[in-house]
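The analysis underlying the following values was restricted to heavy atoms, covering all of them including side chains, and did not include hydrogens, waters or symmetry mates.
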Amino acid sequence: MAPIFCGLMGISLFASLGLPGLNGFIGEFLIFKGAFPLATWATSLSVIGLLVTAIFLLTILQRVSVDRSNRSGPASPS
């Protein structure tokens, strides 16, 4: 069940990012396309912020879905 939830979380994270084929892409693309001729520096800064957000979301997805602990079983009270 956990892989299904991790997959759904990945899809929802990338939909909020605005990747092609997902919900927010058209709106985000049109905003960047319309803003670029008017304020090139602000649009470029926004695209850099979008890339930083993508790295942040991938880090969150990795930390949530990959268990890196070296536990072999439940902790025993001692």
Side-chain angles (χ1 to χ4, degrees):
M1 198 64 159
I4 294 171
F5 287 132
C6 287
L8 291 174
M9 181 179 172
I11 290 171
S12 64
L13 285 176
F14 290 127
S16 70
L17 186 60
L19 288 183
L22 298 174
N23 190 23
F25 174 70
I26 298 296
E28 204 165 293
F29 175 75
L30 290 175
I31 289 170
F32 285 143
K33 183 180 175 185
F36 191 75
L38 300 175
T40 306
W41 64 272
T43 308
S44 301
L45 188 65
S46 298
V47 170
I48 291 171
L50 188 66
L51 294 175
V52 171
T53 303
I55 292 169
F56 178 68
L57 290 177
L58 281 172
T59 305
I60 288 175
L61 188 62
Q62 180 186 16
R63 289 186 181 178
V64 168
S65 63
V66 177
D67 185 19
R68 293 186 178 216
S69 65
N70 293 326
R71 294 179 289 171
S72 60
S76 60
S78 35

For residues 50-61, please give each side-chain donor-acceptor pair under 3.5 Å, one per line with the distance, not counting sequence neighbours.
unit_1	atom_1	unit_2	atom_2	d
Thr53	OG1	Gly49	O	2.8
Thr59	OG1	Ile55	O	2.8

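By the side-chain contact (heavy atoms from CB on, under 4.5 Å) test, Ser12 is found to be paired with no residue, residues two or more places apart in sequence or in another chain being considered. Evaluation of the ring pair (Phe, Tyr, Trp, His ring centres under 6.0 Å) rule for Phe25 yields Phe29 as partners, not counting sequence neighbours.
Applying the under-4.5 Å side-chain rule to Ile, Leu, Val, Met, Phe, Trp and Tyr, the cluster around Phe36 consists of that residue alone.
Rounding to the nearest 0.5 Å gives a distance of 11.0 Å between CG of Leu13 and CG of Leu8.
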